[in-house]
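Read through the structure below, which is laid out as structure tokens, and then see the notes.
Atoms within a ligand are numbered from 1 in the order they appear, just like the ligands themselves.
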Amino acid sequence: MALPASDLSKQPDNRTTMDLGRVLPCTAEVRDGHLFIGGVDMAELAREEGTALYVFDEADLRWRMEEYLRAFRSRYAQTDVVYASKAFLNKAAVRIADELGLCLDVSGGGELACALSAGFPAERVVMHGNNKTPVELEEAMRAGVGRIVVDSRIELARISEIAGRLGITQGIFMRITPGVEADTHEYIRTGCEDSKFGFTMKDDFAYTCVGTALETPHVHLAGFHCHIGSQIFALHSFREAADVMVGFMARVRDGYGHTVEELDLGGGLGIAYVADDEPPTIDEFAEGTCSAVREACEARDLPLPRLLVEPGRSLVANAGVTLYTVGILKTLPGIRKFVAVDGGMSDNIRTALYHADYEPTLANKADQPRTEIVTLCGKHCESGDAVVVDMPLQKAEVGDIVCVFGTGAYCATMASNYNGQPRPAVVFVRDGEARVTTRRETYEDLYARDL
Ligand code: LLP
């Protein structure tokens, strides 16, 4: 795997840090040339805690969670905002989500265990996964997880069997693929027909399976779920999905005489990774979604269901940044300029995996214009190991602190120990205070499981 060839015609944008707009966490500011987040000097924090380091702006995270709740609840009476913890998960984040009254999406036994260990109430957990093992299902049901999202017929039978054995009735959603092609990277597109997730509507398969679910003992079919993909800017895709799902609810009412109470439209709202990205705001997303559900229900004379949304990225991505120290500089004349940092694909696989773009800045030169086009490569034994490809940066020197914005989602949770790299610590900053919420891995952690 190699890097895409550098675009040598690309010009630096000469922006300084504060020109990066939407990609910045809300408390970002520059004082005496240094980047501050949550009132904390990022260059100083990097020296104290070491790099690579994940940093979260707690005020930004709280603001986005509260904004989701406000935007939906002010428009639609019964709403739950379900934080998709696959985007970022540690106990501190779970506790904040709990404190603010969000629900939690977990996609397996491990995420569930982390949530429960932080004291998150199981009844506000929604469990996902296309192949939850019988053990994971039983763990969830014993803990009292509120909703399990059923992904297949085999799983429906598994849940029924376990619930019967435990003497409970398990609340379930059925995940439906609404056939909506969202405009995003094909690896993270999930609502289209050729998907491993959920029940396809093709040939009435999903509809037929609803009949089975309604006759299955020990489960209560509370609602339907869909998730059309991730990093989506087109609100019409969400509206289309809402309409298809409400249409399906109406068909189930008409055919089976059963009106489900809840509709979970999944996550997927995109965020600004680069300064010129213009994603819809949380408020615009809420308006588009709530009005689509309301209109679709009115058209089919359906009572409004309780509405659930499952944002991950749009809650945490812009709240998080990654700090690195510049270690090596290498210019390949006529090819590209490399700035090597002390992390890479082990703490951020998204660039290698999806060709993701990020905005970097030098935290200790944050007021200077970004006058060079560079590739921030990592330290791993892989040619495609880069965090940022062909983006503007201030003139870097060995020892500078690089801050890469927008890394709060799907970086820490997709991190690895490739090349024996200990995974970074996670620090939450707020009101001038920094608290380590996940400690850095040690070398001992790397072989602690070896017998
Ligand atoms: N609900 C379900 C059932 C999901 O599968 C996902 C994400 C979400 C909610 C949250 O979606 P979000 O709001 O974050 O878009 N690793 C990829 C993203 C994979 C998304 C998987 N599912 C990336 O780094 O872009």
* Side chains of Tyr273 and Arg313: do they bring a donor and an acceptor to under 3.5 Å? -> yes
* Asked: Could Asp204 and Arg251 be called an ion pair, given the rule that one side-chain N must be under 4.0 Å from one carboxylate O?
  -> yes
What side-chain donor-acceptor pairs closer than 3.5 Å can you find for residues 264-272, not counting sequence neighbours?
unit_1	atom_1	unit_2	atom_2	d
Asp264	OD1	Gly266	N	2.9

* To do: Check each heavy atom of Glu310 against ligand 1 and say whether those closer than 4.0 Å belong to the side chain, the backbone, both or neither.
  => both
* salt bridge (Lys or Arg N to Asp or Glu O under 4.0 Å) contacts touching residues 216-240 (sequence neighbours left out) -> Arg239-Glu295
* Under 4.0 angstrom from ligand 1, any heavy atom of Gly268? -> yes
* Asked: For ligand 1, which atoms, with element, lie under 4.0 Å from some heavy atom of Ala84?
  -> 8 (C), 9 (C), 10 (C)
* Structure fact -> For Ser230, the atoms of ligand 1 under 4.0 Å from one of its heavy atoms are 11 (O), 12 (P), 14 (O), 15 (O), 20 (C)
* With a 6.0 Å cut-off on ring centres, are Phe285 and Phe238 close enough? -> yes
* Atoms of ligand 1 less than 4.0 Å from Arg175 heavy atoms? -> 3 (C)
* Asked: Backbone, side chain, both or neither: what part of Val149 comes under 4.0 angstrom of ligand 1, heavy atoms only?
  -> neither
* Find all atoms of ligand 1 within a distance of less than 4.0 Å from any non-hydrogen atom belonging to Asp105, and give their numbers and elements. => 1 (N), 2 (C), 9 (C)
* To do: Answer yes or no: is there a donor N or O on one side and an acceptor on the other, between the side chain of Arg294 and the main chain of Arg75, under 3.5 Å?
  => yes
* Determine whether the side chain, the backbone, both or neither of Arg350 has a heavy atom under 4.0 Å from any heavy atom of ligand 1. => side chain
* Near Met414, which atoms of ligand 1 are under 4.0 Å from a heavy atom of that residue? -> 16 (N), 24 (O)
* For Pro311, atoms of ligand 1 separated by under 4.0 Å from a heavy atom -> 13 (O)
* Taking N or O atoms only and a 3.5 Å limit, does His128 qualify as a polar contact for ligand 1? -> no
* To do: Could you tell me whether Tyr256 and Tyr207 have their ring centroids closer than 6.0 angstrom?
  => yes
* Report yes if Ser314 has an N/O atom closer than 3.5 Å to an N/O atom of ligand 1; otherwise report no. => no
* Asked: If you measure from the Lys or Arg side-chain nitrogens to the Asp or Glu carboxylate oxygens, is any gap between Asp283 and Arg70 under 4.0 Å?
  -> yes
